[in-house]
2 protein chains.
Amino acid sequence: MSTPPLRRKRATVHDVAVEAGVSRGTVSRVVNGERYVSEEARVAIEAAIVKVGYVPNNAARNLVMQRTQAIGFIVHEPHSLFLEDPNIGEILLGANTALSDADYQMACLIVDSERDTDRVARYLSGGFVDGVIIVSARQNDPITKVVERLEIPAAFVGHPPDLARAPFVGIDNRGSARSITERLLGTGRRRVGMIAAALDRDSGADRLAGFTDALGARFDPALVERVPLYSYAAGRAGMHALLERAPDIDGIFAASDAVAAGVLDALREAGRSVPTDVGVVGFDDSAWAVRAQPALSTVHQPAEGLGRAVAESVLSQLRGEDQPAGGILLETPIVWRDSA
Amino acid sequence: MSTPPLRRKRATVHDVAVEAGVSRGTVSRVVNGERYVSEEARVAIEAAIVKVGYVPNNAARNLVMQRTQAIGFIVHEPHSLFLEDPNIGEILLGANTALSDADYQMACLIVDSERDTDRVARYLSGGFVDGVIIVSARQNDPITKVVERLEIPAAFVGHPPDLARAPFVGIDNRGSARSITERLLGTGRRRVGMIAAALDRDSGADRLAGFTDALGARFDPALVERVPLYSYAAGRAGMHALLERAPDIDGIFAASDAVAAGVLDALREAGRSVPTDVGVVGFDDSAWAVRAQPALSTVHQPAEGLGRAVAESVLSQLRGEDQPAGGILLETPIVWRDSA
DNA sequence: GATTAGTCTGTGCACGTTCACAGAAAATGC
DNA sequence: GCATTTTCTGTGAACGTGCACAGACTAATC
């Protein structure tokens, strides 16, 4: 015997109106904070609202306003990396708080396989969201194409290289990479290499460019090892490969903290001590950094702030405001710990 | 100059009806898969749907059906732990896939401060969700009280001790803890202790109980160190304290992998080698486990499966189906690696 | 042939809100 | 005192769907 839902029916704007002795229109005006309502009516309505316990019905409001009050949060990453990379979690958290403060829902869409691409494309075309946040877009990303074609308000975390003027928030990956590499060079290292990761993404490519900038004439391409992902495993394997090729290396810029954690373990396995034999710096200032042995010197990435900012950007577009050209870059202080 | 939204209007059920030469009612019937519609009408309507690109309007449907098609996902944890604990992320992922397969939205609600409690309580009372998933309920949790009072369909991950017969999914924490402790004892350890965490939660208390079960008469309360959270930092501090008290300890059951990672580092700092001097086992089989040095022996927690199952439970309640009494327990195989 | 049961279809109403409009009352200008 | 503006309020029409109902047609039964 299944219990009937038993949800006592909610108060409507009409109930408030009769309680306050006014019309629906006036109630609507005070609920939405519009002008042209007398002080007398306002207090009566406000009292009536608390008395009958009125809460606006979103479905009705959305129906007449032709909107959904939901924002898609699209992550184009394998499931496993979504979990391993703490940045994404923090970005999600920041975006979620900003969105819920503005009474928006967040719909998480994780794109892993081809099948997911179709599913998300269909979802987007279905008009289930008013806008989208896109977290790790690749070059020639099919999802990005769908968003572009549908002309949905969108904002990116990181700069998608093939989208001319899409609003984005990000950090100065290149400048930050240059700064921390310079700082690493300042500790007196002579053979400094890099584990470069995710070069198909703007962040990965920019971090490598910043590294090259810092080294200038001293740059030696043989000291750069390229790995596909920002992951612990990739960092460990990459470092082993690099040590094979250049045993005299004494400094490493790892493209992320997860990569750096792999680097540290590879160095330990090879019998090198950090920072005495080799100095290591990372990027992100994630949980990996403090947990590593020794604690990582790294670039602080304001992930939660990025999430909040990217959400604000979409919200601002929805309000029809002008967008700052060229996107927003957040500050990235260097955090110096023990690994270099 | 703000661009006007320019969203070309979507096709409605009425557009499909005129295209197929039938009435709205018939279109509605085929869209919802009801009986009593001729084969002829069905094919005409299906063709018309793809031709005009019809997608049902959720807001209108929700309005008339008196529902929201959204499920709240409530996490009662500090923000930091939400990120550090990989289980929660995986549960979220599993729940999200199950929910979106059923065309439900997921609304993430993270409760950290007192202020959040009020916000979420108000959100729940507002009727913005049809049901809720509750992830880490404490005893006497105010959020749980609100859910109970509102009589919203709910399902828990883990068993809230003060709710008599609330549907839940979980694992047999006590049995699993007993099994892995027995296995640890089987490696010939004589002084086996535990870093017990989060005793205000059912999982924490049950893991300690399982440990006690396994030791039986050999149980020594002095070998149990209690720490507040399932965190790396707590594990490290707890292990240092325990070593102070019992330097002859040769086996440790850590209440979670994150705790175990802290234990490993504390043991390294104290100059003990694992597993030679001390055997260590964890709980969760999270990313921490494989990343640890040495890799952790641990209990595999099917986190993504828990998320999927808890979502299915709420969905099933929404369909008005009978609930299995006593909740659902998922399997937890032991994964034996190098740390013991 | 009349009655009944079963299948199929169209119409009007309801869901709860916002918005445009009309009109009343009050304030302001000459 | 009349015209004009400003402030305030109520009314009806949407928005797009599901559902109850009525009616039409077919097939089976008496």
Side-chain angles (χ1 to χ4, degrees), chain A residues 4-5 7-46 48-49 52-70 103 126-128 130 318-319, chain B residues 4-5 7-46 48-49 52-70 103 126-128 130 318-319:
Chain A
R7 195 103 55 122
R8 62 194 160 290
K9 53 205 245 269
R10 294 165 53 180
T12 75
V13 74
H14 179 258
D15 300 328
V16 177
V18 301
E19 176 70 32
V22 294
S23 76
R24 297 184 345 261
T26 312
V27 175
S28 176
R29 272 184 283 271
V30 35
V31 168
N32 297 315
E34 283 171 32
R35 296 189 341 177
Y36 300 146
V37 36
S38 67
E39 200 51 34
E40 184 189 354
R42 164 167 288 116
V43 299
I45 289 167
E46 276 165 357
I49 285 175
V52 303
Y54 169 72
V55 179
N57 180 319
N58 256 325
R61 184 179 273 178
N62 294 344
L63 175 61
V64 70
M65 306 275 292
Q66 312 258 55
R67 61 174 193 196
T68 65
Q69 209 70 359
D103 279 321
F128 293 102
D130 296 334
L318 252 21
R319 287 189 296 261
Chain B
R7 193 103 54 122
R8 62 194 159 293
K9 52 204 244 271
R10 294 165 54 181
T12 74
V13 74
H14 179 256
D15 300 329
V16 177
V18 301
E19 176 69 32
V22 294
S23 74
R24 299 183 347 259
T26 313
V27 175
S28 176
R29 273 184 282 271
V30 33
V31 168
N32 297 315
E34 283 170 33
R35 295 190 342 176
Y36 298 147
V37 38
S38 66
E39 201 50 34
E40 184 189 355
R42 165 167 288 119
V43 299
I45 288 168
E46 276 165 357
I49 284 176
V52 303
Y54 169 72
V55 179
N57 181 320
N58 256 323
R61 185 178 274 178
N62 293 344
L63 175 61
V64 72
M65 305 278 290
Q66 312 259 56
R67 59 173 195 199
T68 66
Q69 208 71 357
D103 279 322
F128 293 101
D130 297 334
L318 253 21
R319 287 190 296 262

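Scope of the values below: all heavy atoms of this structure, side chains included, with no hydrogens, waters or symmetry mates.
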Value rounded to 0.5 Å, distance of [atom1] in [X] from [atom2] in [Y]:
X: B/Ile45; Y: B/Ser28; atom1: CD1; atom2: OG; result: 9.5 Å
X: A/Met65; Y: A/Gln69; atom1: CE; atom2: CD; result: 8.0 Å
X: B/Asn58; Y: A/Asn62; atom1: CG; atom2: CG; result: 10.0 Å

> Earliest and latest nucleotide of DNA chain D, 5' to 3', sitting under 4.0 Å from a non-hydrogen atom of chain A?
Replying inline: D/dT7 to D/dG16

Nearest-Å distance for atom pair [atom1]/[atom2], residues [X] and [N]:
X: B/Glu39; N: C/dT7; atom1: CD; atom2: C1'; answer: 14 Å
X: A/Arg10; N: C/dG16; atom1: CZ; atom2: C1'; answer: 10 Å
X: B/Gln66; N: C/dC13; atom1: CD; atom2: C1'; answer: 14 Å
X: B/His14; N: C/dG12; atom1: NE2; atom2: P; answer: 12 Å
X: B/Leu63; N: C/dC13; atom1: CG; atom2: P; answer: 18 Å

> What is the minimum heavy-atom distance between B/Asn57 and B/Ala59, and which atoms define it?
Replying inline: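 Residues B/Asn57 and B/Ala59, closest heavy atoms: OD1-N, 2.8 Å.
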
> B/Ile49 versus B/Tyr54: any side-chain heavy-atom pair under 4.5 Å?
Replying inline: yes

>> Pick the closest DNA chain D nucleotide for A/Thr26 and for A/Arg35 by heavy atoms, then say which residue is nearer the 5' end.
In response: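 That would be A/Arg35.
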
> Between the two end axes of the helix from C/dG1-D/dC30 to C/dC30-D/dG1, each built from 5 base pairs, what angle do you get to the nearest 10°?
Replying inline: 40°

Look for any protein N or O under 3.5 Å of an N or O in nucleotides 18-21 of chain C and output each such pair with its distance, or none.
unit_1: C/dT18; atom_1: OP1; unit_2: A/Asn32; atom_2: OD1; d: 3.4
unit_1: C/dT18; atom_1: OP1; unit_2: A/Asn32; atom_2: ND2; d: 3.1
unit_1: C/dT18; atom_1: OP1; unit_2: A/Arg61; atom_2: NE; d: 3.0
unit_1: C/dT18; atom_1: OP1; unit_2: A/Arg61; atom_2: NH2; d: 3.2
unit_1: C/dT18; atom_1: OP2; unit_2: A/Ser28; atom_2: OG; d: 2.9
unit_1: C/dT18; atom_1: O4; unit_2: A/Arg24; atom_2: NH2; d: 3.0

>> On the nucleotide C/dT7, are OP1 or OP2 found under 4.0 Å from the side-chain N or O atoms that B/Ser38 carries?
In response: no

>> Is it the case that over 12 heavy atoms from other parts of the model lie below 6.0 angstrom from the CD atom of A/Glu40?
In response: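 Open: at most 12 neighbouring heavy atoms sit under 6.0 Å from CD of A/Glu40.
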
>> Go through it in stages, so that I can follow the logic: the residues are B/Val31 and B/Arg61, the test is side chain to side chain contact (heavy atoms under 4.5 Å, CB included), and I'd like the CA-CA distance, side-chain angles, deciding distance and then a yes or no.
In response: CA-CA 12 Å; B/Val31 168; B/Arg61 185 178 274 178; 3.7 Å; yes

> Listed by chain and number, what are the salt bridge (Lys or Arg N to Asp or Glu O under 4.0 Å) partners of A/Arg35, not counting sequence neighbours?
Replying inline: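 Expected list: none.
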
>> According to salt bridge (Lys or Arg N to Asp or Glu O under 4.0 Å), who are the partners of B/Glu39, at least two apart in sequence or on a separate chain?
In response: B/Arg42

>> Between B/Asp130 and B/Thr68, do the side chains contain a donor N or O and an acceptor N or O under 3.5 Å apart?
In response: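 Yes.
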
> Across the strands shown, which category fits A/Ala59 at heavy-atom distances under 4.0 angstrom: base, sugar-phosphate, nothing?
Replying inline: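 It contacts nothing in the nucleic acid.
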
Atom pairs and distances, donor-acceptor, side-chain atoms in residues 13-21 of chain B, under 3.5 Å, two or more places apart:
unit_1: B/Asp15; atom_1: OD2; unit_2: B/Thr12; atom_2: N; d: 2.9
unit_1: B/Glu19; atom_1: OE2; unit_2: B/Lys51; atom_2: NZ; d: 3.1

